[in-house]
Amino acid sequence: MAKIEQLRNIAIIAHVDHGKTTLVDQMLKQSGTFRSNEQVNERVMDSNDLERERGITILSKTTSVTYKDIRINIVDTPGHADFGGEVERILMMVDGVLLLVDAFEGCMPQTRFVLKKALALGKKAIVVVNKIDRPMARPAEVVDEVLDLFIELGADDNQIEFPVVYASGRDGYASLDPNEMGTDLQPLFDTIVNEIDCPEGDPEGPLQILFSNIEYDDYLGRIGVGRVERGTAHTGESVILSHRDGTTSRVHIQKLFRIEGLKRKEIESASVGHLIQVAGMPDLNIGETACDPSCVEPLPFVKIDEPTLSMNFMVNNSPFAGQDGKFVTSRNLRDRLFKEVETNVSMRVEETDSADTYKVSGRGELHLSILIETMRRQGYEFQVSPPTVIYKMENGVKMEPMELLMIEVPEEYVGAVMERLGTRKAEIRNMGTRDGGTSHLEFLIPARGLLGFRSQFLTDTNGNGIMSHVFNGYEPFKGDIDQRNTGSLVVYETGESTGYGLFNTQSRGRLFIGPGVPVYEGMIVGETPKNEDIVCNVCKKKQMTNTRAAGSDEALRLTPPSIMSLEQSLEFIKDDELVEVTPHHIRLRKRILNKEARMKAEARKK
């Protein structure tokens, strides 16, 4: 077994917004990856439009830097729990991890999740206490919290002796002493080189490449991203691709690449331990192994946690169907959804009894809403049902997914938050106070108890609260939970909303639209505080008479409407409602558009 001394493979893992992508920016700049006069965007690794808009990492991406003639491959991973599948599979490619922890917030739910996966795979961790320049930073306490977490997660003797680096990713410095400001990231680079094991393997043995990611190129087609586990890969080489279903196929390595900085560089060969990109395998899927034809030995792939939420994606059948979208048929929808699961390993798609409906299961609301938003930007038009949790039966007992919920909130809002969570079957696990009068609360709550909670939480805390959660396993069913106890304002007729019609409607509740918006019968345009739907005519016009003009009398003052985002719409709808998604519009509607038909359906239920 040879050691590849000039190579290190690491992944950066952390809770959302703890500074992974910003730190990678500085590592790229200080390693000389960019020219001195090169203009580079902030968070350069967040190349996806949605990532830039939302300020979060959604997809894992690979880059590399060179430090003292040692090549360091770096994989930037998402921090949100809903994209945990991206983290789990990427850990197969690396030999160690940088665990970033905020110097003020400390260990959060996703910190626990990603660290648990890394420790289970035997990865060595370097703890980076980031944002030590923050006011009220508490690096010593945070290191103690991390140590407790390592012990709780069953780290072995080698893993628990982790090195600690104190850093400010924004300002680009690192130090081994929390009381000393560094000047650059050299202490971090030195720690990576000294503490992370270099890859080992047999460069002369029969080839094995394990693919953990897939990218697309307009000219090259599907590109497999993986690690050479054994042997040496060569351009033009013929290999056997071992598929997950047990079958095999013969393919050719048409082109080989490796990442240098942010660019893809073509190479002729890659030895054991290197992270490479391979073009020329059209049927490749994540978790498959390319082997030498003389020795076909597929490698095991990490088990990805199962989805916890599901939604139905349906062909749009509203009166406005087909006006916006480029892809509107059930075949378009089916092809796009099954294409998604080829690269999104933590998502599932199932066909249902209806030819126009597909059941899509994912890790959480954000996981599913990112897919919806991506599809609408690509020109797809469809409608979706409310998210529902996925139950399991174990020994005749109904089990439901539970979430570990952590909340940071000013003390004056604690009572309101506790009361709200009590009705959602949450159990408090831990409670404490931090500097500055902020309360830290930990709850165990059913996943269905979090549906629609975020908007209520932000309202209850006047936007001062921070919440995050992560999947915590299955437990016996906790009983019924009341979801939304308000009704909907439903449109009476198809037409265009008017100021006069909205003025007469706004006293009934909160409006979601303004004047001049095309509407149809059964469309939802607002929320009423009563627990029943109200049918209203927002298209009503003031009629002219022989004594006055339509525009006379007092001026109509309309309350500004509450424009619903995609996530808010998914949280809002009840079981008898849908969200209609088109490239330019997000509309709420009743499943049954006609009022009389809805009343008959309600009567049949009773």
Shortest non-hydrogen contact from Ala125 to Phe150?
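Heavy atoms only, the tightest pair is CB-CZ, 3.9 Å.
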Closest contact, heavy atoms only, Ile586 versus Ser569
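Distance-wise, the nearest heavy atoms are CG2-OG, 3.8 Å.
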Around atom [atom1] of [X], are there more than 12 heavy atoms of other residues, nucleotides or ligands at under 6.0 Å?
{"X": "Asp156", "atom1": "CG", "result": "yes"}
{"X": "Glu161", "atom1": "CD", "result": "no"}
{"X": "Asp575", "atom1": "CG", "result": "no"}
{"X": "Lys116", "atom1": "NZ", "result": "no"}
{"X": "Lys574", "atom1": "NZ", "result": "yes"}
{"X": "Arg508", "atom1": "CZ", "result": "no"}

Do the rings of Tyr474 and Phe471 sit parallel, tilted or perpendicular, given the 30° and 60° boundaries?
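Answer is perpendicular, since the angle exceeds 60°.
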With under 30° as parallel and over 60° as perpendicular, where do the rings of Phe313 and Phe382 fit, or are they tilted in between?
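Rings of Phe313 and Phe382: parallel, under 30°.
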To the nearest 0.5 angstrom, please state how far the CD atom of Glu427 sits from the NZ atom of Lys425.
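One finds 10.5 Å between CD of Glu427 and NZ of Lys425.
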Which value, rounded to the nearest 0.5 Å, describes the distance between Asn430 atom CG and Leu444 atom CG?
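Interatomic distance, Asn430 CG to Leu444 CG, rounded to 0.5 Å: 12.5 Å.
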Where do Tyr413 and Asn462 land on the side-chain hydrogen bond (donor to acceptor under 3.5 Å, both in side chains) test, with the steps shown first?
CA-CA 9 Å; Tyr413 300 114; Asn462 289 333; 3.2 Å; yes
Show, in sequence, the C-alpha distance, side-chain angles and deciding distance for Val94 and Ile10, and conclude whether the side chain to side chain contact (heavy atoms under 4.5 Å, CB included) test is met.
CA-CA 5 Å; Val94 299; Ile10 61 168; 5.5 Å; no
Under the salt bridge (Lys or Arg N to Asp or Glu O under 4.0 Å) test against Arg448, which residue among Glu403, Glu571, Glu365, Glu400 passes?
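Result for salt bridge (Lys or Arg N to Asp or Glu O under 4.0 Å) with Arg448: Glu400.
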Within the structure provided, determine whether [X] and [Y] are in side-chain contact (heavy-atom separation under 4.5 Å).
{"X": "Met181", "Y": "Asp171", "result": "no"}
{"X": "Glu340", "Y": "Thr374", "result": "no"}
{"X": "Gln568", "Y": "Leu588", "result": "no"}
{"X": "Phe512", "Y": "Leu489", "result": "no"}
{"X": "Val127", "Y": "Val143", "result": "no"}
{"X": "Ser385", "Y": "Arg591", "result": "yes"}
{"X": "Pro178", "Y": "Val129", "result": "no"}

Does one side chain, of Glu577 or Ser488, offer a donor that lies under 3.5 Å from an acceptor on the other?
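A pair is found: one side chain offers a donor N or O, the other an acceptor, under 3.5 Å apart.
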Under the side chain to side chain contact (heavy atoms under 4.5 Å, CB included) test, which residues partner Thr559, sequence neighbours left out?
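Side chain to side chain contact (heavy atoms under 4.5 Å, CB included) check on Thr559 returns Gln506.
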Test side-chain hydrogen bond (donor to acceptor under 3.5 Å, both in side chains) on Thr438 and Glu408 and set out the steps.
CA-CA 6 Å; Thr438 301; Glu408 303 276 343; 5.6 Å; no
Please lay out, stage by stage, how Leu337 and Tyr380 fare under the test side chain to side chain contact (heavy atoms under 4.5 Å, CB included).
CA-CA 11 Å; Leu337 290 175; Tyr380 287 85; over 6 Å; no
Would you confirm whether [X], through its side chain, and [Y], through its main-chain N or O, come within 3.5 Å as a donor-acceptor pair?
{"X": "Arg424", "Y": "Leu451", "result": "yes"}
{"X": "Gln159", "Y": "Leu119", "result": "yes"}
{"X": "Asn316", "Y": "Glu381", "result": "no"}
{"X": "Arg376", "Y": "Thr582", "result": "yes"}
{"X": "Thr308", "Y": "Val389", "result": "no"}

Is a salt bridge present between Arg598 and Glu602, judged by a nitrogen-to-oxygen distance below 4.0 Å?
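Salt bridge absent between Arg598 and Glu602.
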Is it true that Glu442 and Arg429 have a side-chain N and a carboxylate O under 4.0 angstrom from each other?
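The answer is no: the pair does not qualify as a salt bridge.
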Between Glu145 and Val101, is a side chain to side chain contact (heavy atoms under 4.5 Å, CB included) present by the stated rule, with each step listed?
CA-CA 10 Å; Glu145 289 178 16; Val101 187; over 6 Å; no
